[in-house]
Amino acid sequence: MENYKMAEKMSNVHSDIRGPLFVEAMKMQEEGIPVLKLNTGNPAAFGFGLPESIKNALTGHLEEGVGYCDFQGMKKSREAICEYERKKGIKGITPEDVFIGNGVSEVVSFALPPLLNDNDEVLVPAPSYSLWGNSVYLAGGKPVFYLCDEQSKWYPDMADIRSKITPKTKALVVINPNNPTGALYPEEVLRQLAQIAREFHLILFVDEIYDRLVMDDLTHISLASLAEDIPVVTMNGLSKSHCLCGYRCGWMVISGPRHLTEEYRKGVVKLTSMRLCANTLGQMVIPAALEDMETPAAMVRPGGRIYEQRKATIEELKKIDGLSFVKNSGAFYVFPKLDIRKFQITDDKKFARDLLYATNILLVPGSGFDWNAPDHFRIVMLPDKEVLSDAVRKIGSFLDGYNQKRVSIQSVYTHPKKLQKK
């Protein structure tokens, strides 16, 4: 019998956040070597506890989640989501427009297939969370990556988007605030994106999972609130704002002219019905969480953990020669740029591996976010500020004298930690 081969549709799928380098880091830990994992945006791993509002919502109600619920989600939860999105300015929606899933990751998996035929194209930002490109591939489509311009605060490049639209283009993905850059898009940028979708008859998929984690007195604007004449699928959840990654609680809301999305909705219904329902315990906390805006607000105001951890990170990043960055306004990520000429870097995966071996710090290189140059990496700013300050100083010390062409750094769990000149 021949060995089973991986399906061709998997050839372009990648998950660098928990990919080969993550596996290497886990081996190091098994050998007793401590690793600071700055690869995953998982607040609970860094001491962000369960909010009291969530504890109270579950107390005495566990048995309510024992059975299957409506395939779209629990009624009270869909009503709470609908009310939340209405308050953000999305018009004309009802609880029937809400579909709850096991995190935004699952929601994306039943949002794309009903739209895409084989080789249909979806415009996806670069850089972006790899879920989006991967999910387009798995749905039979082709992600076409449009540029977010670092010189313009990481805002989408409208000319680049327009240049990449073809007769096969079906949708435009917008991640706001963006992962991995932490960029928050102002109203003018959002209106331009809506106009492109309007002109070319594209459906908008808008990932707003970080909308409650915005700093510096800025306000998040929901794109659907500016585009009531366009089909928009708005996605959100509780993983980040209420530190509930493991509860796997996300949702999508379909807005815009209903006659344009009627057939599409039927496809979404087929997929959500097939998996019966989302995790009921996660759904049960949605109403309480969406009433509790203090939990996320406390993290991002001055004195809050995320705000202070960002401050500590950027203060140390400023001191590193050969490194530049755009300060994030949302989420808890920053996406620094390396001077690849100075450090002679041609392979960002090798850079991340060298850094891990030399410092025991695990990062995700820019290519893990579908960035096509070897000059960026993402820092997750979730550890305590003292830990982050120390980690960034170690990155700076590592880069001092680093030259990828001349230096080989061997794994510390199989070899003594050392630099070897080639």
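Two residues are said to be in side-chain contact when any heavy atoms from C-beta on lie closer than 4.5 Å; V173 and S128 fail this criterion. S105 places a side-chain heavy atom less than 4.5 Å from the side chain of R248. Two residues are said to be in side-chain contact when any heavy atoms from C-beta on lie closer than 4.5 Å; K385 and K311 fail this criterion. No side-chain heavy atom of Y129 sits less than 4.5 Å from a side-chain heavy atom of I209. When side chains are defined from C-beta on, F369 does not count as touching D16, because their heavy atoms never get closer than 4.5 Å. Side-chain contact check for I161 versus Q192: every heavy-atom pair is 4.5 Å or farther apart. Residues K170 and L116 meet the side-chain proximity criterion, which asks for heavy atoms closer than 4.5 Å. Counting heavy atoms from C-beta outward, H376 and P180 have side chains that stay 4.5 Å or more apart.
For the pair D97 and R258, the salt-bridge criterion is met [side-chain N within less than 4.0 Å of a carboxylate O]. Here E52 pairs with K55 in a salt bridge; the nearest charged N to carboxylate O distance falls below 4.0 Å. Under 4.0 Å is where a charged nitrogen must lie from a carboxylate oxygen, and between E263 and K266 at least one such pair does. We find that R86 and E83 are joined by a salt bridge, their nearest charged nitrogen and carboxylate oxygen being less than 4.0 Å apart. For the pair D216 and R310, the salt-bridge criterion is met [side-chain N within less than 4.0 Å of a carboxylate O].
The two residues Y155 and V189 make their nearest non-hydrogen contact at CD1-CG2, 3.8 Å. Taking all atoms of both residues into account, the shortest heavy-atom contact from V380 to G41 is CG1-CA, 4.0 Å. In plain terms, the two heavy atoms of L238 and R212 that are nearest each other are CD2-NH2, 4.1 Å. Residues G237 and V104 come closest through the heavy atom pair N-CG2, 4.4 Å. Summarising the geometry of Q72 relative to V98, their closest heavy-atom pair is NE2-O, 2.8 Å, with the distance given to 0.1 Å. Nearest heavy atom pair, residue R198 against residue L226, reads NH2-O, 3.9 Å.
A side-chain donor-acceptor contact under 3.5 Å links R378 to the backbone of N39. A donor-acceptor pair is defined here as one N or O able to donate and one able to accept, closer than 3.5 Å; such a pair exists between the side chain of T181 and the backbone of A183. Checking side-chain atoms of Q283 against main-chain N and O of A278 turns up a donor-acceptor pair under 3.5 Å. Of the possible donor and acceptor atoms, none in the side chain of H242 sits under 3.5 Å from a partner among the backbone N and O of S53. The backbone N or O of E386 sits nowhere less than 3.5 Å from a side-chain atom of S389 that would complete a donor-acceptor pair. A side-chain donor-acceptor contact under 3.5 Å links Y264 to the backbone of A111. Within the 3.5 Å criterion, the main-chain N or O of S367 finds a donor-acceptor partner in the side chain of D348. K164 contributes a side-chain N or O that, together with a main-chain N or O of F145, makes up a donor-acceptor pair within less than 3.5 Å.
The aromatic rings of Y402 and F343 are tilted relative to each other, their planes meeting at an angle between 30° and 60°.
Within 6.0 Å of CD on E8 lie no more than 12 heavy atoms contributed by other residues, nucleotides or ligands. Crowding of E199 atom CD: a count of heavy atoms from other residues, nucleotides or ligands under 6.0 Å exceeding 12. By the neighbour-count criterion of 12 heavy atoms within 6.0 Å, atom NZ of K75 is sparsely surrounded, having that number or fewer from other residues, nucleotides or ligands. The number of heavy atoms from other shown groups lying within 6.0 Å of NZ (K153) does not exceed 12. K76 NZ: 12 or fewer foreign heavy atoms inside a 6.0 Å radius.
There is no side-chain donor-acceptor pair under 3.5 Å between W154 and N178. Side chain to side chain, W371 and E150 fail the donor-acceptor criterion of an N or O pair below 3.5 Å. Defined by atom type and a distance below 3.5 Å, a donor-acceptor pair is missing between the side-chain atoms of T234 and E85.
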Item checked: Test log, rule side chain to side chain contact (heavy atoms under 4.5 Å, CB included), inputs E79 and C82 -> CA-CA 5 Å; E79 289 173 345; C82 187; 5.7 Å; no
Notebook entry, point to check: When you look at M252 and F205, which way does the side chain to side chain contact (heavy atoms under 4.5 Å, CB included) test go after all the steps?
Noted result: CA-CA 9 Å; M252 60 183 263; F205 290 116; over 6 Å; no
Margin query: Evaluate V108 against W132 for side chain to side chain contact (heavy atoms under 4.5 Å, CB included), listing each step before the verdict.
Written below: CA-CA 8 Å; V108 172; W132 279 101; 3.7 Å; yes
Next item on the list: Could you go through the side chain to side chain contact (heavy atoms under 4.5 Å, CB included) check for Q195 and M158 one step at a time?
Entry: CA-CA 10 Å; Q195 181 58 29; M158 303 301 166; over 6 Å; no
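Interatomic distance, CG of L388 versus CD of E308, reported as 12.0 Å (0.5 Å rounding). Distance check: T346 OG1 to Q344 CD gives 8.5 Å after rounding to the nearest 0.5 Å. With rounding to the nearest 0.5 angstrom, the CD atom of E121 is 13.0 Å from the CG atom of L172. The structure places CG of D207 at 9.5 Å from CG of N176, a figure rounded to the nearest 0.5 Å. Distance check, rounded to the nearest 0.5 Å: CG of L323 to NZ of K318 gives 13.0 Å. The CZ atom of F110 lies 16.0 Å from the NZ atom of K270; values are rounded to the nearest 0.5 Å.
For E316, the salt bridge (Lys or Arg N to Asp or Glu O under 4.0 Å) criterion is met by K319, R393, not counting sequence neighbours.
For the pair R305 and F48, the cation sits on the ring face: its NZ or CZ lies under 6.0 Å from the ring centre, inside 45° of the axis.
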In a table with atom names and distances, give each donor-acceptor pair under 3.5 Å that connects a side chain of residues 326-338 to protein atoms at least two apart or in another chain.
residue, atom, partner, partner atom, Å
N328, ND2, G330, O, 3.0
N328, ND2, Y333, O, 3.4
Y333, OH, Y210, OH, 2.6

